[in-house]
Amino acid sequence: MKISFLLNGRQFETEVSPTERLSDILKSNGKIFSVRTSCLKGECKSCSVIIDGEVVPSCMIPAFSVRGSDITTLEGFSKTRDYHDIIQAFEETGASPCDFCRGGTILTIQSILERFAEPEEPQILDAFSGNICPCTNIGLIMDSVKRAALYRKRKRLGRK
Amino acid sequence: MREQHPDTILWSGGTALMRMQKGPVPSFDRDIIHLSGVNELKKIRRTERYLEIGAAVPVKKIINVGQHILPFALAQALMSIGSPAVRNLATMGGNLGIKDRRLNSFSVLMLMDSIVELRRSGKSRWIQLGRLNSIGEAEILTRIRIPFRNWDLQYFRAVGDPLLHPMDSLSFTVLAETNKGIISNLRFAVGNTGKSTLRSLDFETYLSGKKLRLSGKEFDAAVNIFQSFVQNAEGDLTPFQKDRSLRFVHWFLRELRDVYIFTE
């Protein structure tokens with residue numbers, strides 16, 4: 001069947017079979033390489049994408065069900081200003097997520113920052129619960145989230 | 001629509017199905033009607049007497065929208081479902097409707113006397129959640145209605161993943177009302193054990209009417225009643241589940257004996 005949806009701000013039309021997962025068609029048809037599949041249970045976050053504003057594991061979504069949705073992957077998000085706040089925070093705190101979990105980590109941080117202007121530790125820990133990649137200390141991730149929130153706050157107030 | 005296309009499959013979120021499936025999604029040789037776009041299934045409604053949740057409302061939305069009105073034990077049960085990203089997808093209808101499994105929210109909702117609406121072409125019926133054994137192929141679970149009651153004591157604990165490892169998971173739920181420090185209407189269930197949810201009426205009856213805090217003697221008697229209940233539940237519980245349920249009961253009774261302080 002043919003479906004169309006917004007992929008990183010552009011209309012994307014593709015042929016899918018009812019047995020395909022969203023993660024599969026993003027990789028094969030959409031040439032999206034930040035989406036990786038590993039656990040296929042929605043636990044590892046390496047296949048995370050933002051669908052209609054919510055971070056979700058794309059391995060758990062049948063491709064046919066996203067017709068008409070707005071999907072943002074790391075490729076699309078990396079072209080926004082918000083992305084650079086997070087990367088700058090990573091650089092300053094020394095957090096460096098590996099290629100496996102990088103996409104999920106960045107999109108999860110973005111979802112936290114959209115919900116909380118000044119995120120606190122329980123909120124960050126809750127959002128990251130279930131992230132099983134051991135590459136980066138959660139303490140560094142927490143520092144990065146708080147720092148990125150600070151940059152956003154400064155931007156809102158018009159300070160550098 | 002279903003009447004016009006009787007051979008179609010009704011498909012909702014499918015989160016549980018996808019979690020249980022390694023590799024490709026199961027192949028369908030029939031057309032699919034995708035229900036997630038039906039607005040009626042995505043509504044949350046509150047009246048003075050009950051909270052009504054559409055079957056396709058994501059768990060995260062229920063937790064967020066209802067954090068001031070959701071009963072504490074139910075909020076805990078919903079928080080124990082999957083990871084935050086999975087909670088963006090999973091729905092309460094999916095949590096209740098999966099075949100041969102009773103998942104995290106089932107025992108809490110059952111103890112709260114919740115009812116569910118099952119709808120088929122031109123007909124609908126409301127049934128007690130406890131009587132929901134399976135949903136017919138032509139039926140869909142559309143709404144869950146949770147009556148408001150003043151549960152003073154609410155406990156929920158869960159271990160394991162009831163969907164993927166039902167033999168190694170367990171939930172423990174207690175709801176009770178209190179009146180001047182006396183427990184009344186205590187309800188208790190051991191869930192997440194696969195197909196069944198276990199209730200011990202002896203345990204409930206023994207604790208109902210007891211004054212808080214519990215005495216040491218009452219603590220021991222309640223433990224004994226629960227132990228004999230667990231021993232008689234041969235076949236329903238694995239050794240791991242028996243051990244954990246005993247630990248949960250010890251913890252709960254210790255709360256009533258040592259921690260709970262009645263203030264009014």
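Note that the structure is a prediction, hence the values are computed from the model and not measured. Only heavy atoms go into these numbers, but all of them, side chains included; no hydrogens, no water, no symmetry mates. Quick note on labels: first sequence line is chain A, next is B, and so on, each numbered from 1.
At least one donor-acceptor pair under 3.5 Å links the side chain of B:Ser83 to the backbone N or O of A:Gly42.
The salt bridge (Lys or Arg N to Asp or Glu O under 4.0 Å) pairs that include a residue from residues 32-53 of chain A are A:Glu43-B:Arg19, where partners are two or more places apart or lie in different chains. Listed by first and then second residue, the salt bridge (Lys or Arg N to Asp or Glu O under 4.0 Å) pairs involving residues 133-146 of chain A are A:Glu121-A:Lys146 (not counting sequence neighbours).
The neighbour count for A:Met1 CE, taken as heavy atoms of other residues, nucleotides or ligands under 6.0 Å away, is above 12. With a 6.0 Å radius and a threshold of 12 heavy atoms from other residues, nucleotides or ligands, A:Glu118 has its CD atom at or below the threshold. Within a 6.0 Å sphere centred on CD of A:Gln88, heavy atoms belonging to other residues, nucleotides or ligands number more than 12. Other residues, nucleotides and ligands contribute over 12 non-hydrogen atoms within 6.0 Å of the CZ atom of A:Phe12.
For chain A, the nearby part of B:Leu164 is the side chain; its heavy atoms alone come within less than 4.5 Å.
Interface with chain A: from residues 84-93 of chain B, residues B:Pro84, B:Ala85, B:Val86, B:Arg87, B:Asn88, B:Leu89 qualify, criterion being any non-hydrogen pair under 4.5 Å.
Using a 4.5 Å heavy-atom cutoff, the side chains of A:Pro62 and B:Met18 are in contact.
For B:Asp168, there are no side-chain hydrogen bond (donor to acceptor under 3.5 Å, both in side chains) partners two or more places apart in sequence or in a different chain.
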